[in-house]
Amino acid sequence: MKVTLFFIACLFPFKGLAATAEILVTKLSNEAYLLKSANYNTNIGALKTSRGVVLIDPMPGEDNLRVLSKKLNGIYGSQPLFVLNTHQHDDHAGGNSYFMNAGAKLLSSTMELAEIKTVEVKSHSSADKVFFHRSSNSIFVGDIYDTNWHPTFYAGGVAGFVGAVDAILGLGDESSLIIPGHGKPTSKEELKKFRKNTLDWVSKVKALKESGMSLSEIQQDDQIKSIFQRFNVENRAVFVPEKAFIRFIERTLTVIDSAV
Ligand SMILES: [Zn+2]
């Protein structure tokens, strides 16, 4: 019995820790914080403006949102008055209603927020938004650029992707912090490498397709495997599941076909 009680007593503090550890907080500046949900790995921005706190890309999940809300109280002593989304996929917009129910206003543009500039592009989704927060010199780019996954330029194709990257590079300066939709924040230099790797990937897939290779032959190609690994910037032992690798080739072929 004593042993059981001791075990339960030990278990509860850990349960408590697990609950608070779901959202990781990184301070970017006095007016900008990056919050990251462990289970979605979505990068969430919390920016202070003269109109109130602005939240970018709250992910879904009641438990996550409760912790996120507490973290925001701890940082700014208040809840967000505005919510912005880089795009409408659930892992970026699924938490909107949680904060709207608490009084936040969902904004489709940043016209009324002098501190944040918005650029609209089409790359990952048909309506991607890039947010540049001037005082912290940080640029929230959503899934136009992820640092823990392969590119996903399916809505805009190659032209949309290149246009989106150009738009991002046109904001801020050379030391701007680039906040991807998922994965670690990075720099414009890294984004330029990602653009080059993406273009290399598309032209290699295109060349192999034109040489008459089938999907499974493209999958086995050494150069394809090697270009794909360039997106594994975190050097994970298994970058993504094999299924995702095949799907990426398939979707790249679709993008190539639709551009012809
Ligand atoms: Zn996402």
Side-chain angles (χ1 to χ4, degrees), residues 22-26 28 32-47 54-65 67-68 71 80 83-100 106-108 116 118-133 138-157 160-161 163-165 167-168 177-186 190-191 194-195 197-198 201 228 231-234 236 238-241 243-245 247-248 250-252 254-255:
E22 283 170 359
I23 305 283
L24 219 88
V25 181
T26 308
L28 306 178
Y33 284 78
L34 179 64
L35 300 106
K36 190 188 282 280
S37 68
N39 47 1
Y40 282 86
N41 200 9
T42 303
N43 285 321
I44 303 158
L47 311 175
V54 178
L55 192 64
I56 299 176
D57 283 358
M59 78 282 124
E62 197 75 13
D63 289 345
N64 284 335
L65 292 163
V67 179
L68 176 59
K71 295 274 181 191
V83 177
L84 292 169
N85 302 124
T86 56
H87 59 295
Q88 291 309 306
H89 295 164
D90 202 48
D91 57 325
H92 299 259
N96 287 358
S97 56
Y98 182 93
F99 292 99
M100 287 160 74
L106 181 66
L107 295 179
S108 58
I116 303 170
T118 304
V119 177
E120 292 183 20
V121 290
K122 178 180 169 182
S123 178
H124 172 72
S125 79
S126 57
D128 293 317
K129 289 189 177 112
V130 174
F131 302 116
F132 170 47
H133 183 236
S138 47
I139 308 172
F140 292 79
V141 305
D143 290 349
I144 295 165
Y145 175 36
D146 291 324
T147 55
N148 68 349
W149 199 253
H150 59 71
T152 49
F153 43 75
Y154 309 137
F161 170 75
V165 172
I168 296 165
L177 187 68
I178 308 292
I179 319 276
H182 308 268
K184 288 194 180 102
T186 175
E190 289 301 310
L191 175 60
F194 179 78
R195 174 175 63 183
N197 292 338
T198 302
W201 165 268
F228 189 70
F231 300 114
N232 184 11
V233 290
E234 293 178 352
R236 293 203 295 263
V238 179
F239 173 36
V240 299
K243 215 168 67 181
F245 171 60
R247 183 96 184 109
F248 182 41
E250 284 174 337
R251 297 207 69 174
T252 304
T254 308
V255 164

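Just so you know, residue 1 is the first one in the sequence shown, and it goes up from there. Remember, it's 1-based here, ligands and their atoms both numbered in the order they're listed. Note that the structure is predicted; figures quoted are calculated from it, not measured.
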Tell me, with the steps shown, if His87 and Asp143 meet side-chain contact (heavy atoms from CB on, under 4.5 Å).
CA-CA 8 Å; His87 59 295; Asp143 290 349; 3.4 Å; yes
Tell me, with the steps shown, if Asp57 and Thr86 meet side-chain hydrogen bond (donor to acceptor under 3.5 Å, both in side chains).
CA-CA 7 Å; Asp57 283 358; Thr86 56; 2.7 Å; yes
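With waters neither drawn nor counted, the protein N/O/S atoms under 2.8 Å from the Zn ion (ligand 1) amount to 4.
To the nearest 0.5 angstrom, Asn39 atom CG is 9.5 Å from Asn41 atom CG. Distance check, rounded to the nearest 0.5 Å: NZ of Lys184 to OG1 of Thr26 gives 11.0 Å.
Ring planes of Phe248 and Phe228: tilted class, angle from 30 to 60°.
For Asp91, the side-chain hydrogen bond (donor to acceptor under 3.5 Å, both in side chains) partners at least two apart in sequence or on another chain are His182.
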